[in-house]
Amino acid sequence: MSAKRIPVMEIFGPTIQGEGMVIGQKTMFVRTAGCDYACSWCDSAFTWDGSGKDDIRMLTAEEIAAELLQTGGAAFSHVTISGGNPGLLPALDELIQLLHEQGMEVALETQGSRWQDWFLQIDQLTLSPKPPSSGMTTDWEKLDDIIHKLSAHARSFSLKVVVFDERDLRYAEEVHQRYPEVPFFLQPGNDDLREGNPHILLGHLLKRYEWLVEAVIASPSLKNVRVLPQLHTWIWGNKRGV
Ligand SMILES: C[S@@+](CC[C@H](N)C(=O)[O-])C[C@H]1O[C@@H](n2cnc3c(N)ncnc32)[C@H](O)[C@@H]1O
Ligand SMILES: Nc1nc2[nH]cc(C(=O)O)c2c(=O)[nH]1
Ligand code: SF4
Ligand SMILES: [Mg+2]
């Protein structure tokens with residue numbers, strides 16, 4: 001293998017995947033730096049807003065795999081790549097191949113703004129297009145193209161839309177109606193990223209989850225969908241690296 005380098009923000013775990021199609025799965029995380037979006041409510045803004053720039057390391061696939069083993073020991077068989085937007089990084093192909101050679105499953109989180117050929121190697125790919133409250137605009141042609149390619153190759157992937165308000169809910173309906181065959185997840189937005197006490201945050205997040213469940217129940221167009229919380233925030237609150 002060559003020595004392509006990947007901007008890594010943090011490597012942590014084992015923990016559980018707290019969101020989406022593999023919720024509850026024991027996994028390690030690799031969080032890459034850099035994003036082509038700047039969501040108003042991003043819970044990982046340190047990956048792109050400059051506040052975490054001193055923590056960014058340019059690592060090879062071999063170095064990342066070694067650190068995963070050093071951090072997680074022999075106690076895992078699943079790795080989730082998130083960010084930032086890991087979909088910006090062509091060099092991830094080597095990491096995905098190496099992890100597969102080591103017998104790992106590899107999941108990935110992206111907003112679906114860019115295609116990479118290595119998307120076809122990911123075992124569980126989550127596409128999370130952004131609703132109006134984020135301040136971002138969806139490039140529907142890009143998303144169409146990504147979903148078309150993944151479907152044509154019969155890949156295991158899903159859509160996950162974060163919902164903060166009624167307008168976001170209408171957006172989620174639009175996404176689901178556009179791609180009715182794609183497994184669809186809704187997740188309430190965490191609008192209190194500064195609360196340091198997990199118990200206080202939990203009461204608030206529970207209310208946000210109840211609100212979203214009621215809203216989905218009432219929506220005639222959201223039928224074959226799943227509503228999930230961010231489970232890790234129920235345990236660890238806004239703590240980083242869990
Ligand atoms: C930090 S992002 C990184 C991956 C990729 N950039 C993306 O947005 O899909 C991982 C997931 O966290 C979600 N997320 C970010 N901030 C959030 C918040 N305040 N509340 C709920 N979910 C949030 C994103 O929508 C995305 O599904
Ligand atoms: N436990 C845990 N689950 C997660 N699911 C998605 C995460 C992310 O930030 O991408 C995340 C995270 O940071 N931690
Ligand atoms: S796309 Fe993801 S990482 Fe980028 S700003 Fe939005 S939530 Fe944060
Ligand atoms: Mg997160």
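All ligand and atom numbering here is 1-based and tracks the order in the structure. Just the heavy atoms: all of them, side chains too, but no hydrogens, waters or symmetry mates, feed the values below.
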Atom indices of ligand 1, in the order listed, that fall short of 4.0 Å to a heavy atom of Pro188: 21 (C)
Side-chain ion pair, Arg31 and Glu109, N-O less than 4.0 Å: no
Gln230: numbered ligand 1 atoms lying under 4.0 Å from its heavy atoms: 20 (N), 21 (C), 22 (N), 23 (C)
Numbering as shown, the atoms of ligand 3 that approach Gln111 to under 4.0 Å (heavy-atom distance): 1 (S)
Distance from atom 23 (C) of ligand 1 to nearest protein heavy atom, with residue and atom: Asp43 OD2, 3.7 Å
For His78, the option from Lys26, Gln124, Met28 that meets side-chain contact (heavy atoms from CB on, under 4.5 Å): Gln124
Per-atom contacts of ligand 1 with Gly189, taking only distances under 4.0 Å to non-hydrogen atoms: 20 (N), 21 (C)
For atom 26 (C) of ligand 1, the option (of Ser128, Ser134, Pro129) bearing the nearest heavy atom: Ser128
Check: Gly84 N/O within less than 3.5 Å of ligand 1 N/O: yes
Presence of salt bridge, Glu10 and Arg240, under 4.0 angstrom: yes
For Thr110, atoms of ligand 1 separated by under 4.0 Å from a heavy atom: 5 (C), 7 (C), 9 (O)
Nearest non-hydrogen protein atom, atom 19 (N) of ligand 1: Trp41 O, 2.9 Å
Atom 4 (Fe) of ligand 3 to nearest N/O/S of Cys39 below 2.8 Å: no
Ligand-side contact atoms (ligand 1) for residue partner Cys42, heavy atom cut-off under 4.0 Å: 16 (N)
Side-chain heavy-atom pair Phe119, Thr110 within 4.5 angstrom cut-off: yes
Close aromatic pair by centroid cut-off 6.0 Å: Tyr171 and Trp140: yes
Minimal non-hydrogen separation, His176 against Asn224, with atom names: CE1-O, 3.9 Å
Ligand-residue contact atoms, ligand 1 with Glu19, heavy atoms, under 4.0 Å: 11 (C), 12 (O)
Shortest non-hydrogen separation from Ile16 to Phe29 and the atoms involved: O-CE1, 4.4 Å
Sidechain N-carboxylate O distance under 4.0 Å for Asp192, Arg208: no
Proximal atoms of ligand 1 relative to Lys160 (non-hydrogen, under 4.0 Å): 27 (O)
Arg31 N/O to ligand 1 N/O under 3.5 Å: no
Protein contact to atom 5 (C) of ligand 1 [nearest heavy atom, distance to 0.1 Å]: Gln111 OE1, 3.4 Å
More than 12 heavy atoms from other groups under 6.0 Å of NZ on Lys149: yes
Structural part of Cys39 in contact with ligand 1, heavy atom criterion under 4.0 angstrom: neither
Element-labelled atoms of ligand 3 that are located less than 4.0 Å from some non-hydrogen atom of Lys130: 1 (S), 6 (Fe), 7 (S)
Asp191 contact mode with ligand 1 (heavy-atom cut-off under 4.0 Å): neither
Numbering as shown, the atoms of ligand 1 that approach Ser44 to under 4.0 Å (heavy-atom distance): 1 (C)
Distance filter under 4.0 Å to Cys42 heavy atoms, resulting ligand 3 atoms: 3 (S), 5 (S), 7 (S), 8 (Fe)
Taking atom 4 (Fe) of ligand 3 as the reference point, the nearest protein heavy atom with its distance: Cys35 SG, 2.3 Å
Minimum-distance protein heavy atom relative to atom 8 (O) of ligand 1: Lys130 NZ, 2.8 Å
More than 12 heavy atoms of other groups within 6.0 Å of Arg155 CZ: yes
Within reach of ligand 1, part of Asn190 (heavy-atom separation under 4.0 Å): both
Rounded distance (nearest 0.5 Å) linking atom CG of Leu68 with atom CZ of Phe76: 5.0 Å
Transitive ILVMFWY side-chain link Trp41 to Leu212, under 4.5 Å: no
Those atoms of ligand 3 less than 4.0 Å from some heavy atom in Gly84: 3 (S)
More than 12 heavy atoms from other groups under 6.0 Å of NE2 on His100: yes
Min heavy-atom dist Gly87 to ligand 1 below 4.0 Å: no
More than 12 heavy atoms of other groups within 6.0 Å of Arg167 CZ: no
Ion pair Arg170/Glu166, N-O distance below 4.0 Å: yes
For atom 22 (N) of ligand 1, the protein heavy atom that lies nearest, with its residue and separation: Gln187 NE2, 3.0 Å
